[in-house]
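One structure is given here, and the rest of the page talks about it.
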Amino acid sequence: MNGRTPMTNDHKTDHKTDHKTDHKTDQANAWTREEFEAQLRAKGTAYHIHHPFNVKMNAGGCSREQIRGWVANRFYYQINIPLKDAAVMSNCPDRETRRRWVLRILDHDGYGNDEGGIEIWARLGDAVGLTRDELWSLQHVTPGVKFAVDAYVNFARRAPWQEAVCSSLTEIFAPQIHKDRLATWPSCYPWIEADGLQYFRSRISLAQRDVEHGLQVTLDYFKTREQQQRALDILQFKLDILWSMLDAIEKAFPQ
């Protein structure tokens, strides 16, 4: 004998009952779809639209070097988005989801006569005075930005595909940041060629389309209160990625 009291059938039954009760309680405490979506949208207060560097940039306070540094570093994010989306697809067994999600890869890489978002961003690089060699060599990319972007891609590779989809929901807040740039950059930075701003124009409608799908997956998958809190934590992780990228850019390009 090991001195332990053997678990009786009554004890086993009580344990199972407690587990079922906890699960039912968690389900009972879950937010409705509308409440859950509101909680996700409330995370917008931590979006990098509020970062001091972004505020300064949209107010016309950045130098040419700072604008070029931002464009060069965000380019690393742009070229990794298709890798992130390919990781989501590789982990997703649902054909209909893949048929919709593949549009994101095509949006960035391009297809047919559509040059894609990466090329459009490269034209922004042209417009701010970066050479293609500078941009594609990634010579201006800071270690902090590289670490943050790589962390995001690795998360998408390792997480359940529904969690990776949830992490993409920062797109909820993206249309406004693009609209702000379109509204202020032409007057604040007249030296930037107007054609270079096409990326911001293109992403407004595409982001809205992607948000609709991402929200559908997230609201369908994260059902219990515990799962819903997990979704909020995932979204915060992505918000932190974007915020830390601007921290690194701000430090690398102080003036």
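All residue numbers refer to positions in the sequence shown, counting from 1.
- Among residues two or more places apart in sequence or in another chain, the salt bridge (Lys or Arg N to Asp or Glu O under 4.0 Å) test is passed with D180 by none.
- With sequence neighbours excluded, no residue forms a salt bridge (Lys or Arg N to Asp or Glu O under 4.0 Å) with E65.
- The aromatic rings of H178 and F200 lie parallel to each other, with less than 30° between the two planes, well short of the 60° mark.
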Please tabulate, for the side chains in residues 139-150, all donor-acceptor contacts under 3.5 angstrom to protein atoms that are two or more places apart in sequence or on a different chain.
{"residue": "Q139", "atom": "NE2", "partner": "S137", "partner atom": "OG", "Å": "2.9"}
{"residue": "H140", "atom": "NE2", "partner": "E134", "partner atom": "OE2", "Å": "2.8"}
{"residue": "T142", "atom": "OG1", "partner": "V145", "partner atom": "N", "Å": "3.1"}
{"residue": "K146", "atom": "NZ", "partner": "D150", "partner atom": "OD2", "Å": "3.0"}
{"residue": "D150", "atom": "OD1", "partner": "Y76", "partner atom": "OH", "Å": "2.6"}

Side-chain donor-acceptor contacts of residues 243-255 below 3.5 Å, not counting sequence neighbours, with atom names and distances?
{"residue": "S244", "atom": "OG", "partner": "D240", "partner atom": "O", "Å": "3.1"}
{"residue": "S244", "atom": "OG", "partner": "I241", "partner atom": "O", "Å": "2.9"}
{"residue": "D247", "atom": "OD1", "partner": "H51", "partner atom": "NE2", "Å": "2.7"}

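- Below 30°, between 30° and 60°, or above 60°: for F36 and W31 the angle between ring planes is below 30°, a parallel geometry.
- Under the 4.5 Å side-chain heavy-atom criterion for ILVMFWY residues, no single connected hydrophobic cluster contains both V217 and L215.
- Under the 6.0 Å cut-off for aromatic ring centres, W121 and H108 do not qualify, their centroids lying 6.0 Å or more apart.
- Listed by chain and number, the residues in a side-chain hydrogen bond (donor to acceptor under 3.5 Å, both in side chains) with E171 are R104, R203 (sequence neighbours excluded).
- For R95, the salt bridge (Lys or Arg N to Asp or Glu O under 4.0 Å) criterion is met by no residue, not counting sequence neighbours.
- With 3.5 Å as the limit, one finds no donor-acceptor pair spanning the side chains of Y47 and Q176.
- In the model, N54 has no side-chain atom that pairs as donor or acceptor with a side-chain atom of W70 under 3.5 Å.
- Electrostatic pairing of R33 and E37 does not count as a salt bridge here, judged by no charged N lying under 4.0 Å from a carboxylate O.
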Fill in: Trace of the side-chain contact (heavy atoms from CB on, under 4.5 Å) decision for M89 with V102
CA-CA 8 Å; M89 290 182 60; V102 72; 3.9 Å; yes
